[in-house]
Amino acid sequence: MNYQSQAVAKPYFMAAIGLFVGQILFGVILGLQYVVGDFLFPEIPFNVARMVHTNLLIVWLLFGFMGSAYYLIPEESETELWSPKLALAMFWIFLVAGALTIVGYLTVPYATLAQITGNDLLPTMGREFLEQPTITKIGIVVVALAFILNIGLTVLKGRKTAVSLVLLIGLVGLAVFFLFSFYNPENLVRDKFYWWFVVHLWVEGVWELILGSLLAFVLIKTTGVDREVIEKWLYVIIAMSLITGLIGTGHHFFWIGTPEYWQWWGSIFSAMEPIPFFMMTLFAFNMVNRRRRNHPNQAAVLWALGTGVMAFLGAGVWGFLHTLAPVNYYTHGTQITAAHGHMAFYGAYVMIVLTMISYAMPLIRGRKEAASRKSQVVEMWSFWLMTISMVFITLFLTAAGVLQTYLQRYTDTPMSFMVVQDKIEIFYWLREGAGLVFLVGLLLYVSSFFIGQNEPEETAKV
Amino acid sequence: MSETFTKSMARNIFYGGSTFFFLLLLALTFDTESSLHESDNRENLTEQVAHGKRLWEENNCIGCHTLLGEGAYFAPELGNVYKRFGNSKEAIMGFIKSRPVDGIPGRRSMPQFNFTDEELNAVAEFLKYASEINTQNWPPNIQG
Ligand code: HEM
Ligand code: HEM
Ligand SMILES: [Fe+2]
């Protein structure tokens with residue numbers, strides 16, 4: 001660690017991992033509710049557990065992005081962070097606001113929460129992923145502004161690199177597009193249309209800039225490949241992300257009451273969205289193959305390569321699977337969507353945050369380059385357990401989704417939703433099994449931070 | 001990547017390309033807004049429907065159901081439930097009203113929301129309005 005202020009990343013990373021554990025616990029609850037319908041009913045109905053699962057995911061990824069930026073920006077800018085105090089204050093505000101929101105979900109009925117937080121004044125609640133009370137949303141905006149101010153001023157006073165610039169553009173975009181969450185018209189079609197300006201333009205737009213720049217940073221650090229080369233790749237990748245992803249938003253405008261021409265725009269442009277993800281895979285492997293040195297943090301290199309592969313599989317391949325309008329006509333809103341959502345979020349955004357944590361945490365904790373061998377071995381085991389079980393979760397959900405699509409939408413004698421769900425129950429049991437393995441992998445991951453702390457640092461193999 | 005293709009060329013493609021396609025997205029958005037009234041069923045967007053939408057949101061129905069294919073995949077699609085229930089608001093109201101407080105043993109359960117009659121009617125009106133949006137013939141059949 002070259003700059004003292006980079007250490008503010010530590011609480012952000014710790015909170016991220018803690019909330020990640022919470023997210024997965026609720027994932028396992030949801031998975032069980034799929035097959036044991038009345039499990040925890042009426043104390044924790046499915047919708048509440050789902051809200052906790054998805055909102056924890058978003059919040060911990062945001063913690064991860066912010067921690068990553070606080071670590072990366074001083075190093076790239078070659079100067080201390082503008083205000084570590086502000087960063088720490090925002091950490092506590094965000095953590096407390098997040099915790100209160102989750103406690104609210106779990107302790108009072110959602111309608112009561114809406115009432116006591118004044119949803120009537122500015123109704124924004126009750127839409128998927130945007131369930132947070134309006135006041136929480138305002139809190140998110142405040143934290144985001146203070147955060148961008150902090151890293152923006154740091155970039156301004158220091159060295160300006162492509163990596164930090166791209167990260168900054170991505171983060172500003174994240175904050176700007178979140179503002180659409182405050183727009184909730186009575187017209188359902190319009191509501192749905194602009195809802196995607198948050199959700200799609202995040203994951204298939206500005207977040208890809210964040211993903212690309214974090215990946216570029218870790219590759220520069222661990223491979224020693226010339227910055228010029230890596231930054232050229234970065235620009236080409238994110239250019240393709242926005243060129244395809246902006247109009248690619250149209251793949252959500254096929255059946256929600258929007259004009260028919262979106263079937264063409266959405267299909268054609270989103271069919272090209274896998275390109276930047278494929279380039280990320282090539283990028284990661286190419287840079288590691290051309291490495292000037294063997295970095296002793298093998299775990300971080302593994303996470304970086306894993307991100308390249310899994311983001312392409314989850315977003316690129318599983319996205320393409322159902323993105324053409326004639327296919328999406330049958331698969332829209334089925335378990336195919338859930339399969340894709342899981343692998344894409346895990347492969348792209350979960351894994352890039354874990355890559356950054358893997359690279360930065362040993363340094364923040366006082367190591368020169370890497371954790372001990374023992375700790376890294378455990379971490380790499382957790383990589384494989386989580387990644388392989390996520391592949392299986394995706395495969396089981398895909399099988400469930402194909403059957404659901406056929407039985408409920410495609411045959412000449414379509415069956416009702418609930419009947420079909422019964423018929424494909426076996427795949428939900430298998431998904432739950434894979435989910436439990438994921439949880440074991442995650443606990444192993446957490447334990448890797450406590451194992452081998454007194455052992456010597458791993459050194460590079462020649 | 002080859003030496004003749006420089007970093008600054010890549011950067012220009014990024015800025016140029018994303019600006020162009022952002023403007024194209026804006027243009028398409030304006031065009032969509034201008035013709036949306038043909039498909040979004042706004043002529044039936046009454047005060048009751050708006051109230052129903054608020055109830056829909058404040059009870060987080062989307063956390064179990066899809067609506068026009070978006071939401072959660074735990075419970076039936078509701079964009080066309082009005083039609084599935086034989087174009088009957090009463091059937092929808094009766095269903096919501098009759099959910100047992102403690103759920104149905106072993107079966108995926110829907111909460112009892114204790115709506116007033118007026119609220120039930122608003123929710124049903126909202127689902128009726130949703131079912132009349134022009135969705136390019138989606139879903140493929142009545143099962144949703
Ligand atoms: C890392 C990037 C991505 C993430 C995190 C992601 C995540 C998601 C999620 C969570 C949903 C479900 C949204 C909902 O609840 O309604 C979704 C839907 C969808 N995604 Fe992605 N996605 C990514 C990239 C892509 C790409 C590259 C494509 C196309 C090639 C794609 C195609 C689709 C389509 C067509 C749907 C709609 C599914 C439906 O009709 O139900 N996604 N995505
Ligand atoms: C890092 C790992 C995970 C990520 C990134 C993740 C992400 C997500 C996302 C994005 C959604 C919304 C999906 C959509 O709208 O299409 C979701 C829903 C869900 N997740 Fe996860 N999840 C993870 C782990 C798990 C695990 C381990 C389980 C269960 C064993 C699980 C079970 C569920 C269930 C049942 C839903 C609700 C699907 C529905 O709406 O019917 N998740 N998760
Ligand atoms: Fe999308």
Side-chain angles (χ1 to χ4, degrees), chain A residues 33-34 36-38 41-42 45-48 50-51 110-111 114 119 123 125-128 131 162 186-190 192-193 228-229 231-233 235-236 238-239 242-243 246-247 249 254-260 263 265 329-330 332-335 337-338 408-410 414-418, chain B residues 1 5-7 10-11 13-14 17-18 21-22 24-25 28 31-32 35-36 39-42 45 49-50 53-54 56-60 62-64 66 68-77 101-109 111 113 129-130 133-136 138-141 143-144:
Chain A
Q33 288 179 329
Y34 245 80
V36 184
D38 58 349
F41 193 89
F46 181 86
N47 62 316
V48 172
R50 189 186 202 272
M51 227 162 23
Y110 191 71
N119 191 51
M125 293 173 73
R127 295 168 303 152
E128 195 193 0
E131 295 93 348
E186 287 171 356
N187 183 331
L188 180 64
V189 177
R190 206 180 258 152
K192 284 175 170 290
F193 187 80
E228 282 299 303
V229 177
E231 292 187 338
K232 185 160 62 175
W233 272 89
Y235 273 128
V236 177
I238 60 169
L242 294 188
I243 288 171
L246 287 167
I247 307 298
T249 319
F254 298 158
W255 331 112
I256 61 167
T258 32
E260 190 178 4
Q263 293 184 25
W265 288 104
Y329 184 66
Y330 292 102
H332 182 46
T334 62
Q335 297 299 322
T337 310
Q408 187 187 317
R409 301 235 173 111
Y410 200 80
M415 290 176 235
S416 82
F417 179 93
M418 292 300 277
Chain B
M1 272 178 252
F5 182 70
T6 62
K7 185 169 110 182
R11 189 188 54 213
I13 295 178
F14 166 63
S18 42
F21 284 97
F22 186 73
L24 182 58
L25 178 63
L28 287 169
D31 186 75
T32 298
S35 58
L36 208 57
S39 53
D40 67 8
N41 194 27
R42 68 180 62 172
L45 213 175
V49 169
K53 180 168 185 281
R54 184 70 54 77
W56 169 269
E57 288 163 2
E58 294 192 342
N59 290 283
N60 192 229
I62 203 79
C64 291
T66 47
L68 305 188
E70 296 169 1
Y73 321 113
F74 183 72
E77 159 70 27
V101 177
D102 290 319
I104 303 169
R107 189 174 168 91
R108 294 188 194 172
S109 301
F113 292 103
Y129 146 85
I133 290 169
N134 176 357
T135 55
Q136 315 294 336
W138 192 89
N141 66 58
Q143 302 297 357

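So that the names make sense, note that chain A is the first sequence line, chain B the second, and so on, each numbered from 1.
- In terms of heavy-atom pairs under 4.5 Å with chain A, the best-connected choice from B:Val49, B:Leu25, B:Leu28, B:Asp102 is B:Leu28.
- By number of non-hydrogen pairs under 4.5 angstrom with chain A, the leading residue of B:Ser35, B:Gly144, B:Ala72, B:Pro140 is B:Pro140.
- Shortest non-hydrogen contact noted between A:Lys232 and B:Thr6 is CD-C, 3.6 Å.
- Across A:Pro414, A:Ala162, A:Pro42, the residue that shares the most heavy-atom pairs under 4.5 angstrom with chain B is A:Pro414.
- Contact detail for B:Leu45 and A:Asn187: the closest heavy-atom pair is CD1-CA, 3.6 Å.
- With a 4.5 Å cut-off on non-hydrogen atoms, B:Arg42 touches chain A through its side chain but not through its backbone.
- For B:Ile13, the parts lying under 4.5 angstrom from a heavy atom of chain A are both the backbone and the side chain.
- Only the side chain of A:Ala114 has a heavy atom closer than 4.5 Å to any heavy atom of chain B.
- A donor-acceptor contact shorter than 3.5 Å is absent between the side chain of A:Trp255 and the backbone of B:Pro139.
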(message) Between A:Arg50 and A:Glu128, is the salt bridge (Lys or Arg N to Asp or Glu O under 4.0 Å) condition met? List the steps.
(response) CA-CA 10 Å; A:Arg50 189 186 202 272; A:Glu128 195 193 0; 3.1 Å; yes
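- Both the backbone and the side chain of B:Ser18 come within less than 4.5 Å of a heavy atom in chain A.
- Of all the listed residues (A:Leu242, A:Val36, A:Ile238), the one sharing the greatest number of non-hydrogen pairs under 4.5 Å with chain B is A:Ile238.
- In this structure, the ring pair (Phe, Tyr, Trp, His ring centres under 6.0 Å) partners of A:Tyr34, at least two apart in sequence or on a different chain, are A:Phe46, A:Tyr428, B:Phe74.
- Closest non-hydrogen pair, A:Phe193 versus B:Thr32, comes out as CE1-CG2, 3.9 Å.
- Ranked by heavy-atom pairs under 4.5 Å with chain A, the first of B:Ile133, B:Thr66, B:Asn141 is B:Asn141.
- Contact count versus chain B (heavy atoms, under 4.5 Å) is highest, among A:Gln335, A:Glu231, A:Lys192, for A:Lys192.
- Most heavy-atom pairs under 4.5 Å with chain A: of the set B:Pro105, B:Ala10, B:Gly69, this distinction falls to B:Gly69.
- A distance-only check finds a donor-acceptor pair linking the side chain of B:Ser39 to the backbone of A:Gly257 [under 3.5 Å].
- Of the residues considered (A:Pro45, A:Ser416, A:Ala338), A:Ser416 shows the highest number of contacts with chain B, using heavy-atom pairs under 4.5 Å.
- Contact between B:Ala130 and B:Leu68 at its shortest, heavy atoms only, is O-CD2, 4.3 Å.
- In this structure, the portions of A:Arg409 lying under 4.5 Å from any heavy atom of chain B include both its backbone and its side chain.
- By the salt bridge (Lys or Arg N to Asp or Glu O under 4.0 Å) test, A:Glu260 is found to be paired with no residue, residues two or more places apart in sequence or in another chain being considered.
- Only the backbone of B:Val101 comes within contact range of chain A, with at least one heavy atom under 4.5 Å from a heavy atom of that chain.
- Judged purely by atom type and a 3.5 angstrom limit, A:Asp38 uses its side chain to pair as donor or acceptor with the backbone of B:Gly106.
- Of the two parts of A:Glu131, only the side chain, counted from C-beta on, holds a non-hydrogen atom closer than 4.5 Å to a non-hydrogen atom of chain B.
- Contacts between B:Asn41 and chain A at a heavy-atom distance below 4.5 Å are absent for every atom of the residue.
- Using a 4.5 Å cut-off between heavy atoms, A:Phe254 touches chain B through its backbone atoms (N, CA, C, O) alone.
- Panel note: side chain B:Asn134, backbone B:Gln136; a donor-acceptor pair is recorded below 3.5 Å.
- Comparing A:Thr337, A:Thr249, A:Val48, A:Ile256 by heavy-atom pairs within less than 4.5 Å of chain B, the highest count is held by A:Ile256.
- Of the listed residues B:Glu77, B:Arg54, B:Glu57, the one with more heavy-atom pairs under 4.5 angstrom with chain A than any other is B:Glu57.
- With a 4.5 Å cut-off on non-hydrogen atoms, B:Leu24 touches chain A through its backbone and its side chain both.
- Only the side chain of A:Met51 comes within contact range of chain B, with heavy atoms under 4.5 Å apart.
- Counting heavy atoms from C-beta outward, A:Phe41 and A:Gln33 have side chains that stay 4.5 Å or more apart.
- Counting heavy-atom pairs closer than 4.5 Å to chain A, the top-ranked of the candidates B:Tyr129, B:Phe14, B:Trp138 is B:Trp138.
- Residues A:Tyr110 and B:Asn60 share a closest heavy-atom pair of CD2-CB, 3.5 Å.
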